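Presented below is the structure to which this report refers.
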Number of protein chains: 2
Amino acid sequence: MLTDHHREARRTAIVRLLRHAPVRRQQELVRLLKREGHAVTQSSISRDLRELGVLKHSEGYVLPDNAEIAARTQDNFVTVAQFVREVRTAGTSITVVKTTIGSAGSVAAAIDKAGWQDVVGTVSGDDTIFIATADARAQSRVLDQLRESFGV
Amino acid sequence: MLTDHHREARRTAIVRLLRHAPVRRQQELVRLLKREGHAVTQSSISRDLRELGVLKHSEGYVLPDNAEIAARTQDNFVTVAQFVREVRTAGTSITVVKTTIGSAGSVAAAIDKAGWQDVVGTVSGDDTIFIATADARAQSRVLDQLRESFGV
DNA sequence: ACGGGTTGTGCATTTTTATGCACCATTCGC
DNA sequence: GCGAATGGTGCATAAAAATGCACAACCCGT
């Protein structure tokens with residue numbers, strides 16, 4: 001049995017995949033998830049979709065609105081991940097996250113709420129977030145977590 | 001092979017049934033439709049739902065929004081039927097339709113658009129429509145058509 | 001009147017989705 | 001440390017939905 005974390009990470013990936021392109025069959029979703037490192041069968045996917053409140057249209061699966069998604073996952077990032085455009089390092093202590101215009105505040109709030117130990121602090125403008133870390137090693141761990149959370 | 005009219009009448013009934021209560025299986029819809037006089041099998045229902053753009057949620061079928069429904073049926077009444085509360089005769093030449101507040105105009109427009117020969121004219125207030133007919137026989141035919149169109 | 005084309009439908013089957021059951025890992029209480 | 005409870009998962013299968021095919025009815029052009 002895997003951990004809750006694996007399940008939540010998979011469900012976050014499902015949401016992202018469904019936003020990205022139409023998926024018409026659960027087996028197709030199994031294949032796409034496998035490509036991302038999530039080994040899972042159709043029966044678990046069926047349960048995930050039901051618990052996420054996803055709808056089935058003849059042309060593909062449709063996500064419920066963001067409020068419902070947020071309520072049904074334990075992932076702070078699932079509803080803001082879509083606004084993240086780019087994650088890059090600047091030197092050894094600053095990590096920069098670019099978002100869509102106007103969304104930096106929401107994304108920064110989600111990062112703060114995650115309470116990552118390695119984050120010394122964050123500051124956000126309109127479409128840019130600076131994340132400060134103590135050193136390059138901490139920066140590297142934060143980068144990994146950002147990439148996992150936002151799927152970039 | 002039945003006529004287009006039968007198909008459209010059945011699809012209007014499907015929309016009304018799905019608004020009324022949750023339906024989780026196509027076979028259940030077959031049964032509900034049969035109760036209303038529509039003899040049809042699961043395979044035709046599957047096609048109807050696809051062509052109406054209906055979505056499947058784990059707790060039941062979900063209608064797309066009204067604009068999409070209107071575009072996918074040939075029925076003027078399908079989107080306004082839900083606002084009709086009561087249909088009664090007043091004497092032998094007037095039929096009164098009660099609607100939700102503010103909706104009488106939309107419902108009256110749909111009746112006008114239907115172009116029923118027996119309708120001499122209509123007048124609508126905020127939540128009430130008067131439909132004039134030449135005589136009791138014409139009134140009876142209009143009543144039948146109203147009941148069929150609005151499912152009351 | 002006839003033939004061809006189109007469309008709706010049901011039957012039977014295929015495909016897809018949901019679920020019962022068993023197993024395993026983790027957590028918690030004693 | 002151990003046993004019980006809980007929860008996630010896959011396997012196999014049941015249930016549900018989608019679809020290929022054949023047929024029939026209607027419409028239209030000749």
Side-chain angles (χ1 to χ4, degrees), chain A residues 1-15 17-18 21-64 68-69 71-75 78 148, chain B residues 1-15 17-18 21-64 68-69 71-75 78 148:
Chain A
M1 198 269 281
L2 298 178
T3 64
D4 283 356
H5 177 67
H6 287 90
R7 193 191 70 169
E8 288 307 318
R10 184 178 70 237
R11 290 184 177 189
T12 296
I14 288 172
V15 168
L17 286 165
L18 294 183
V23 173
R24 299 185 66 164
R25 307 283 180 276
Q26 293 179 2
Q27 192 55 42
E28 186 182 343
L29 207 43
V30 169
R31 190 175 54 77
L32 291 169
L33 286 165
K34 188 169 191 179
R35 184 182 296 174
E36 292 192 12
H38 299 284
V40 71
T41 65
Q42 176 269 321
S43 50
S44 294
I45 293 305
S46 182
R47 294 180 180 112
D48 284 343
L49 295 175
R50 183 185 68 208
E51 287 168 27
L52 285 167
V54 170
L55 299 98
K56 177 70 187 293
H57 186 272
S58 60
E59 317 222 345
Y61 286 96
V62 175
L63 290 161
E68 185 164 358
I69 295 174
R72 288 164 174 273
T73 68
Q74 305 303 319
D75 188 337
V78 71
E148 182 184 345
Chain B
M1 198 268 280
L2 297 177
T3 64
D4 283 356
H5 177 69
H6 287 90
R7 192 191 71 170
E8 288 307 318
R10 183 178 71 238
R11 290 184 178 188
T12 297
I14 289 172
V15 169
L17 286 166
L18 292 183
V23 173
R24 299 183 67 160
R25 307 283 180 273
Q26 293 179 2
Q27 192 55 42
E28 186 182 343
L29 207 44
V30 169
R31 190 176 53 77
L32 291 169
L33 286 164
K34 188 169 191 179
R35 183 182 297 174
E36 292 192 12
H38 299 283
V40 71
T41 66
Q42 176 268 322
S43 51
S44 294
I45 293 304
S46 182
R47 295 180 180 111
D48 284 342
L49 295 176
R50 183 186 67 207
E51 287 167 30
L52 284 168
V54 170
L55 298 98
K56 176 70 188 290
H57 187 272
S58 60
E59 317 222 348
Y61 287 95
V62 176
L63 290 161
E68 186 164 357
I69 294 173
R72 289 166 176 269
T73 67
Q74 306 303 319
D75 188 336
V78 72
E148 182 185 346

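Note that the structure is predicted; figures quoted are calculated from it, not measured. Labels below follow one simple rule: chain letters A, B, ... track the order of the sequence lines, proteins then strands, and each chain is numbered from 1.
- If you take CD of E59(A) and P of dA18(D), they are 12 Å apart, rounded to a whole angstrom.
- Judged purely by atom type and a 3.5 angstrom limit, T12(B) uses its side chain to pair as donor or acceptor with the backbone of E8(B).
- Remark: C1' of dT19(D) and CZ of R47(B) are 7 Å apart, rounded to the nearest angstrom.
- Computed from coordinates, the H57(A) NE2 to dA17(D) P distance equals 16 Å when rounded to whole Å.
- Listed nucleotides dT16(C), dA16(D), dG10(C) differ in distance to K56(A); the shortest reach to its side chain belongs to dT16(C).
- Of the side-chain N and O atoms in S44(B), one or more sit less than 4.0 angstrom from OP1 or OP2 of dG10(C).
- The CD1 atom of I45(A) sits 9 Å away from the P atom of dT9(D) (whole-angstrom rounding).
- The two residues E51(B) and R11(B) come nearest to each other via the heavy atoms OE1-NH2, 2.7 Å.
- Atom P of nucleotide dT9(C) and atom CG of D48(B) are separated by 7 Å, given to the nearest angstrom.
- K34(A) places its NZ atom 15 Å from the C1' atom of dT9(D), with the value rounded to the nearest Å.
- You'll find a donor-acceptor pair under 3.5 Å spanning the side chain of S43(A) and the base of dC11(D), going by distance alone.
- In this structure, L63(B) and V15(B) approach most closely via the heavy-atom pair CD1-O, 3.6 Å.
- Taking side-chain N and O atoms only, Y61(B) has a distance below 4.0 Å to OP1 or OP2 of dA17(D).
- Atom pair E51(A):CD and dT9(D):C1' shows a separation of 12 Å (rounding to whole Å applied).
- Distances shown here put every side-chain N or O of S46(A) at or beyond 4.0 Å from the OP1 or OP2 atom of dT17(C).
- Looking at Q42(A), its side chain comes within 3.5 Å of the base of dA18(C) through a donor and an acceptor atom.
- Closest approach of R24(B) to S58(B), counting heavy atoms only: NH2-O, 3.1 Å.
- Scanning both residues, E36(A) and A13(A), for their nearest heavy atoms gives OE1-CB, 3.8 Å.
- Heavy-atom nearest nucleotides on DNA chain C were determined for T41(B) and for R24(B), and the one closer to the 5' end corresponds to T41(B).
- dG8(D) atom C1' lies 8 Å from atom CZ of R10(A), rounded to whole Å.
- Residue R25(A) has no polar side-chain atom (N or O) positioned under 4.0 Å from OP1 or OP2 of dA18(D).
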